**Q** 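Sharing a structure with you now.
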Amino acid sequence: MTEQQLRGMILRALTEVAPDIDPTTIDPDADLVEQLDIDSMDFLNIIVAINEQTAIEIPERDYPKLSSLTDAIAYLAAAQTRQAARR
């Protein structure tokens, strides 16, 4: 996936978990939990949705690396590169 595709997929995951958010208002560099006023369970559900759509395993220790939209895109792009290198 390109970074633009990753962004779209993450935004879809966010709106699935928190349907009342407007993805156009998300500050890509702000903390998602604080910005969207979601709890840790919602954040976990977002991680699960991302995993289901990308097949990228995200260990719990890496959850903080997905705290903002920009961070999540960078993390997933790097994870895709690592997966491709293993093949």
Side-chain angles (χ1 to χ4, degrees):
M1 290 182 160
T2 66
E3 287 190 10
Q4 192 64 23
Q5 290 170 321
L6 287 170
R7 177 185 173 83
M9 182 271 308
I10 294 165
L11 290 174
R12 280 190 302 281
L14 289 170
T15 56
E16 284 175 18
V17 172
D20 22 323
I21 66 162
D22 178 359
T24 62
T25 64
I26 294 175
D27 176 350
D29 298 315
D31 184 273
L32 292 169
V33 172
E34 291 177 15
Q35 178 177 193
L36 303 175
D37 194 30
I38 57 176
D39 62 23
S40 59
M41 223 26 222
D42 286 335
F43 186 72
L44 178 60
N45 288 331
I46 292 165
I47 299 292
V48 169
I50 290 170
N51 169 259
E52 289 172 352
Q53 293 181 40
T54 63
I56 293 173
E57 292 296 324
I58 304 169
E60 188 174 349
R61 72 178 177 276
D62 286 352
Y63 291 179
K65 296 178 182 177
L66 288 92
S67 62
S68 72
L69 182 57
T70 300
D71 291 343
I73 292 167
Y75 178 89
L76 295 170
Q80 284 184 138
T81 302
R82 286 190 302 273
Q83 279 186 341
R86 289 185 196 135
R87 293 181 187 157

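Just so it is clear, the values below take in all heavy atoms, side chains as well, and ignore hydrogens, waters and symmetry mates. These figures come from a predicted structure and were not determined experimentally.
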**Q** Could you work out, with side chain to side chain contact (heavy atoms under 4.5 Å, CB included) as the rule, every residue matching Ala74, not counting sequence neighbours?
**A**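 Once residues adjacent in sequence are excluded, Ala74 has no partner under the side chain to side chain contact (heavy atoms under 4.5 Å, CB included) criterion.
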**Q** Quick check: does any side chain N or O of Glu3 sit under 3.5 Å from a backbone N or O of Ile73, one acting as donor and the other as acceptor?
**A**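 No.
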**Q** Does anything in residues 30-58 pair up under salt bridge (charged side-chain N to carboxylate O under 4.0 Å, His left out), and if so which pairs, sequence neighbours excluded?
**A**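 Pairs touching residues 30-58 that pass the test: none.
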**Q** Can you list everything that forms a side chain to side chain contact (heavy atoms under 4.5 Å, CB included) with Pro64? Sequence neighbours excluded, please.
**A**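 Expected list: none.
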**Q** Could you work out, with side-chain hydrogen bond (donor to acceptor under 3.5 Å, both in side chains) as the rule, every residue matching Ser67, not counting sequence neighbours?
**A**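 Testing Ser67 for side-chain hydrogen bond (donor to acceptor under 3.5 Å, both in side chains), a comparison that skips the adjacent residues, returns Asp71.
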**Q** Run the side chain to side chain contact (heavy atoms under 4.5 Å, CB included) test against Arg61 and tell me which residues pass, sequence neighbours left out.
**A**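 Applying side chain to side chain contact (heavy atoms under 4.5 Å, CB included) to Arg61 gives Pro59.
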**Q** Are side-chain heavy atoms of Ile38 and Asn45 found at a separation under 4.5 Å?
**A**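 Heavy-atom side-chain distance check fails, nothing below 4.5 Å.
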**Q** Atom CD of Gln35 and atom CG of Leu69: how far apart are they, to the nearest 0.5 Å?
**A**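 Going from CD on Gln35 over to CG on Leu69, the span is 8.5 Å.
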**Q** Please list, chain by chain and in numerical order, all residues satisfying side-chain hydrogen bond (donor to acceptor under 3.5 Å, both in side chains) with Thr24, sequence neighbours excluded.
**A**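 Result, side-chain hydrogen bond (donor to acceptor under 3.5 Å, both in side chains) vs Thr24: Asp22.
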**Q** Rounded to the nearest 0.5 Å, what separates atom CD1 in Ile56 from atom OH in Tyr75?
**A**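 Those atoms lie 8.0 Å apart.
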**Q** Enumerate donor-acceptor pairs with a distance under 3.5 Å from any side-chain N or O in residues 5-17 to protein atoms, sequence neighbours excluded.
**A**
{"residue": "Gln5", "atom": "OE1", "partner": "Thr2", "partner atom": "N", "Å": "2.7"}
{"residue": "Gln5", "atom": "OE1", "partner": "Thr2", "partner atom": "OG1", "Å": "3.4"}
{"residue": "Arg12", "atom": "NH1", "partner": "Gly8", "partner atom": "O", "Å": "3.3"}
{"residue": "Thr15", "atom": "OG1", "partner": "Leu11", "partner atom": "O", "Å": "3.2"}
{"residue": "Thr15", "atom": "OG1", "partner": "Arg12", "partner atom": "O", "Å": "3.0"}

**Q** Which residues satisfy the side-chain hydrogen bond (donor to acceptor under 3.5 Å, both in side chains) test with Asp29, sequence neighbours excluded?
**A**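 With neighbours one apart ignored, the set is Thr70.
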**Q** With side chains defined as the heavy atoms from C-beta onward, is the minimum distance between Ile26 and Leu32 less than 4.5 Å?
**A**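 Side-chain contact under 4.5 Å: yes.
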**Q** Measure the CG-CD1 distance between Asn51 and Ile58 for me, rounded to the nearest 0.5 Å.
**A**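 Between Asn51 CG and Ile58 CD1, I get 6.0 Å after rounding to 0.5 Å.
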